[in-house]
Amino acid sequence: MPVRLRAALPLGAAAPWFPAVGAALGAVAGAIAYVAAPTFGPTVAAVLAVVVLVALTGALHLDGLADCADGFGARGGAERRLAVMRDSMIGTFGTLALALWLALVVAGVAGLDRGGAFDALLVAAAVGRWSSLLHAVGASPARREGLGAGFEVSRAGLAIGTALAVAAALVAGGVGPGLAALGAGAIVAALVTWSARRGVGGRTGDTLGATVALTEAVVVVLLLGLA
């Protein structure tokens with residue numbers, strides 16, 4: 001019997017569990033880095049961990065990051081930017097954004113010891129998805145259709161997601177680094193929300209993905225600095 005997609009639950013219904021899913025994905029990637037480091041060295045281990053993390057998510061968030069970089073780098077108004085973001089082709093700004101994300105995350109993970117790399121990937125992935133919840137709450141949809149419009153986060157969903165993100169950050173990162181990671185995630189979410197509202201009129205699926213990716217990079221680098 002064919003599956004009717006319209007009968008599926010709205011994506012926002014799963015929002016409370018995003019940080020937990022992120023923690024699980026980050027833990028898998030962190031385990032790869034932990035196991036591979038003694039044999040291949042920290043740099044190759046970091047690359048392998050990032051490859052696994054990207055593969056597990058289908059590069060969904062990086063696609064959003066690239067689209068946002070191209071869209072916000074385009075000249076014109078909101079409609080022009082939204083059109084560029086919908087284009088499947090990746091431009092110069094998108095390519096640079098992906099390269100910088102990869103460089104920052106790999107360098108950050110490689111600069112940490114085995115345990116630190118595991119913790120950083122877990123915390124970054126959990127906090128990154130929590131920051132997308134903050135962005136969803138802070139910006140109304142830019143379009144009537146699409147992922148951005150369908151991703152409605154309730155107050156209860158935000159509260160549950162926040163509790164899970166705090167637990168993951170504090171348990172894996174420790175009190176000081178964990179709170180710093182949460183603060184960084186909130187700042188990234190606020191900046192993306194401000195940019196999205198000003199640049200394209202609100203959130204889209206791409207801005208949600210970009211929020212996750214940017215937070216992951218910022219948190220990994222921050223935890224490296226605090227190590």
Side-chain angles (χ1 to χ4, degrees), residues 5-6 8-15 18 22 50 53-106 124-125 127-154 157-158 161 183-222:
L5 295 179
R6 292 183 180 179
L9 290 174
L11 183 59
F18 273 28
V50 172
L53 182 62
V54 172
L56 289 174
T57 58
L60 180 65
H61 308 118
L62 294 183
D63 180 68
L65 176 62
D67 286 342
C68 283
D70 284 332
F72 283 87
R75 295 182 179 180
E79 291 301 322
R80 167 61 177 164
R81 296 189 182 98
L82 287 171
V84 172
M85 290 164 66
R86 274 183 164 175
D87 192 339
S88 60
M89 300 295 290
I90 297 179
T92 302
F93 290 113
T95 302
L96 288 173
L98 293 178
L100 289 172
W101 182 91
L102 180 62
L104 286 173
V105 175
V106 168
V127 174
R129 282 146 187 82
W130 172 66
S131 67
S132 72
L133 305 187
L134 298 179
H135 173 50
V137 171
S140 58
R143 306 186 185 100
R144 293 183 179 179
E145 74 287 344
L147 179 59
F151 193 65
E152 294 287 347
V153 181
S154 65
L158 179 61
I187 292 172
V188 171
L191 290 175
V192 174
T193 298
W194 176 81
S195 299
R197 293 172 64 178
R198 181 172 180 268
V200 296
R203 71 176 184 267
T204 68
D206 287 328
T207 63
L208 289 166
T211 303
V212 175
L214 289 172
T215 301
E216 287 175 339
V218 169
V219 168
V220 168
V221 172
L222 174 64

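On a predicted model such as this, the values are computed, not experimentally measured, just so you know. Numbering starts at 1 and runs along the sequence shown.
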Applying side-chain hydrogen bond (donor to acceptor under 3.5 Å, both in side chains), name anything that partners His135, two or more places apart in sequence or on another chain.
-> Thr193, Thr207

Euclidean distance, Leu62 CG relative to Trp101 CH2, rounded to 0.5 Å = 4.5 Å

Do Leu65 and Glu216 come within less than 4.5 Å of each other through their side chains, counting heavy atoms only?
-> no

Going through the distances and angles, do Val50 and Leu102 end up as a side-chain contact (heavy atoms from CB on, under 4.5 Å)?
-> CA-CA 8 Å; Val50 172; Leu102 180 62; 3.9 Å; yes

Gly161 and Leu133: which non-hydrogen atoms are nearest, and at how many Å?
-> CA-CD1, 4.1 Å

Residue pairs passing the salt bridge (Lys or Arg N to Asp or Glu O under 4.0 Å) test with at least one member in residues 58-73, sequence neighbours excluded, are none

Could I get the full list of salt bridge (Lys or Arg N to Asp or Glu O under 4.0 Å) partners for Arg80, not counting sequence neighbours?
-> none

Where do Val212 and Thr57 land on the side-chain contact (heavy atoms from CB on, under 4.5 Å) test, with the steps shown first?
-> CA-CA 11 Å; Val212 175; Thr57 58; over 6 Å; no

Can you name the side-chain hydrogen bond (donor to acceptor under 3.5 Å, both in side chains) partners of Arg86, sequence neighbours left out?
-> Glu145

Report the distance from atom CG of Leu158 to atom CH2 of Trp130, rounding to the nearest 0.5 Å.
-> 8.5 Å

Closest approach of Thr215 to Ser131 (non-hydrogen atoms, all atoms of both residues) | OG1-OG, 2.9 Å

Which heavy-atom pair separates Ala136 from Arg203 by the least distance, and what is that distance?
-> O-NH1, 2.9 Å

Of all heavy-atom pairs linking Phe72 and Met85, the shortest is CE1-SD, 4.4 Å

Any residue meeting side-chain hydrogen bond (donor to acceptor under 3.5 Å, both in side chains) with Thr211, in chain and number order, not counting sequence neighbours | none

Taking every non-hydrogen atom, the tightest pair across Ala97 and Ala69 = CB-CB, 3.7 Å

Return the minimal non-hydrogen interatomic distance between Ala184 and Leu222, and the atom names on each side.
-> CB-CD2, 3.9 Å

Keeping the roles fixed (side chain from Arg81, backbone from Val200), state whether a donor-acceptor pair exists under 3.5 Å.
-> no

Atom CG of Leu191 and atom CG of Leu214: how far apart are they, to the nearest 0.5 Å?
-> 9.5 Å

Partners passing side-chain hydrogen bond (donor to acceptor under 3.5 Å, both in side chains) against Ser132 (at least two apart in sequence or in another chain) | none

Residue from Val188, Ile187, Val127 passing side-chain contact (heavy atoms from CB on, under 4.5 Å) with Val218 = Val188

Please check if the side chain of Arg197 supplies one atom and the backbone of Ala139 the other of a donor-acceptor pair under 3.5 Å.
-> no

